[in-house]
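Residue numbers run from 1 in the order of the sequence given.
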Amino acid sequence: MGLVPAAAETRLATGTLGTRAEFDAALAAVQGLRSSNGLAPLDDTERLREAASLGDWASAFETVLGDRCAQFEDSPLRTYQALVREYLTGSWEVALALARRIEMHAEGAGRGPLYDHSRGLASEICRWHGDTDRAAAWLSGVEAPTGWGPLPSWARTGLRHVEGDPLGAWRDGWRDYRILRATGHLAGLERLLLRLLRYAVARGHDRAVRESLEALEELHASVDSHATRVTTLLARAVARDDVDSALAAHALLARHGDQSLSFITSLWLARATGTEKWLAEAWEWCERLGARRARQSLTDVAHDLGHPLPRRRATRSVFSRLEVEVVGMVADGWTNRQIAAVLARSEKSVETYLARIFERTGCRSRLELTTAWLDGGLTRFVPG
């Protein structure tokens, strides 16, 4: 197999946008192609589908092609890949800096899905930070919906809601959902539908709640991805006051998921159960995100429950999935530059991760960290 993707591989990448049946058919063709060429089967298909739902085609094709995938260092495609990962892991200031870098590359005139997706995520981060002017500026000139996916619609719906137009936010978001659903572009629609449902619940619009939940459950039946499973469970929890569904969503997010959704889930569980355990966990996510709106939401819930705000914790009890990867690569002798390249992050981000790891473990050098890792001294930090 050469450097150019085979037709079956291209169909697999684009097949991530549609139904589970379409994806499975494309995957079977690629697995057969790999088998005939003596290659191991693809095994990280959820990463492929998650990447496609966020328009991260660099990660999508890396998953499909492996070592055959071309590396375009310092390109907007590569920068957007890093932006997505920083967004999902809660390093939002770094993500914003990467969005600005993408704009600089195109001198602010970039057009196409990559630029609209980058602006959508940047707008969402600014909205969480309470800076609606900057959030709106990021979306100026971005049309929603687009044939490139629901991310701009998702971001615009959130912005309209906080600007004081909840009815218009739901109406336009629902319109965009129906347009995108009709085009067959399903990947990422779960984010938009969950947002619409949460807004409908907050406004007490029972019909809108019912329609949003039915649409999300139908989407999950068609797509059946990790993302649709999590959002459908959380939607059931919010719509039906179903704590068990929220706990199931929380368990899935603990293994893999974006940190803003983890915060939303923990905060909902805090309000639903009235227990300080979930309030403390929501506080941890809030501190990691550093977002003003998240902190205000948490303060409101704590006040309603009559609980004091949790005290700031110096460290979290266990490593995140990303931190486990970083420690493992340090133990294997990798440099920060090599780690950054593999994780599609900046060297500065890797330095930040290591600083947190050193603070938590008490290790003072890479050698101490490696020794503790290889001797099993960091077992307590590794999630079960």
Side-chain angles (χ1 to χ4, degrees), residues 83-97 99 121-132 134-135 154-155 157-159 161-162 191 194-195 197-199 201-202 230-231 233-235 237-238 243 246-247 249-323 349 352-353 355-357 359-360 381 383:
L83 189 164
V84 167
R85 293 191 180 182
E86 298 295 350
Y87 171 79
L88 291 174
T89 55
S91 299
W92 282 358
E93 291 305 319
V94 176
L96 277 176
L121 288 177
S123 175
E124 178 71 5
I125 293 170
C126 290
R127 184 187 70 86
W128 273 95
H129 284 324
D131 192 343
T132 55
R134 285 180 66 198
W154 168 73
T157 298
L159 179 60
H161 188 268
V162 300
R191 288 184 182 83
L194 178 62
R195 175 158 289 175
L197 182 139
R198 292 178 61 230
Y199 293 167
V201 169
V230 169
T231 51
L233 285 166
L234 186 53
V238 174
V243 171
L247 290 172
H250 178 271
L252 290 173
L253 286 166
R255 294 196 291 271
H256 183 60
D258 80 67
Q259 296 197 6
S260 60
L261 199 55
S262 294
F263 166 75
I264 290 169
T265 304
S266 298
L267 191 63
W268 187 91
L269 282 164
R271 184 183 289 279
T273 65
T275 58
E276 292 189 63
K277 167 192 172 182
W278 294 112
L279 199 65
E281 180 171 308
W283 178 259
E284 288 188 13
W285 292 121
C286 179
E287 289 293 288
R288 192 175 183 91
L289 295 172
R292 195 176 85 184
R293 288 189 61 80
R295 190 170 292 110
Q296 184 59 55
S297 296
L298 189 142
T299 300
D300 291 344
V301 170
H303 178 268
D304 291 345
L305 295 175
H307 293 316
L309 282 176
R311 294 183 178 181
R312 185 186 301 270
R313 297 187 181 185
T315 62
R316 289 181 294 112
S317 59
V318 297
F319 290 146
S320 67
R321 180 175 59 88
L322 178 64
E323 288 167 336
S349 294
T352 300
Y353 300 147
R356 293 173 182 165
I357 291 167
E359 179 183 5
R360 190 173 317 150
F381 296 103

Search all heavy atoms of [X] against all heavy atoms of [Y] and return the closest pair with its distance.
X	Y	result
S260	W128	CB-CZ2, 4.2 Å
A249	L234	CB-N, 4.1 Å
L305	A270	CD1-O, 3.3 Å
A246	L269	CB-CD2, 3.6 Å
S297	L267	CB-CD2, 3.8 Å

Q | I264/R198 under side-chain contact (heavy atoms from CB on, under 4.5 Å): CA gap, chis, key distance, verdict | A | CA-CA 11 Å; I264 290 169; R198 292 178 61 230; 3.8 Å; yes
Could you tell me if the side chain of [Y] sits less than 4.5 Å from the side chain of [X], heavy atoms only?
X	Y	value
V243	W268	yes
Q259	F263	no
E287	R295	yes
D300	Q296	yes

Approximate separation, where rounding is to 0.5 Å, of [X] [atom1] and [Y] [atom2]:
X	Y	atom1	atom2	result
L96	E86	CG	CD	11.0 Å
T89	L289	OG1	CG	10.0 Å
I125	D131	CD1	CG	12.0 Å
L253	T265	CG	OG1	5.0 Å
C286	L309	SG	CG	9.0 Å
E281	L279	CD	CG	10.5 Å

Q. Do NZ/NE/NH1/NH2 and the carboxylate oxygens of E124 and R127 come within less than 4.0 Å?
A.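 Salt bridge: yes.
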**Q.** Which residues share a ring-ring contact (aromatic ring centres under 6.0 Å, His included) with H250, sequence neighbours left out
**A.**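 For H250, the residues satisfying ring-ring contact (aromatic ring centres under 6.0 Å, His included) (neighbours in sequence not counted) are W278.
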Q.
Using modelled atom types and a 3.5 Å cut-off, is there a donor and acceptor pairing between side-chain atoms of H129 and backbone atoms of A135?
A. no
Q: Could you tell me how the ring of Y87 sits relative to the ring of W154: parallel (under 30°), tilted (30 to 60°) or perpendicular (over 60°)?
A: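 Geometry flag for W154 against Y87: perpendicular rings.
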Q) Is the F319 ring parallel, tilted or perpendicular to the F381 ring (thresholds 30°, 60°)? A) parallel
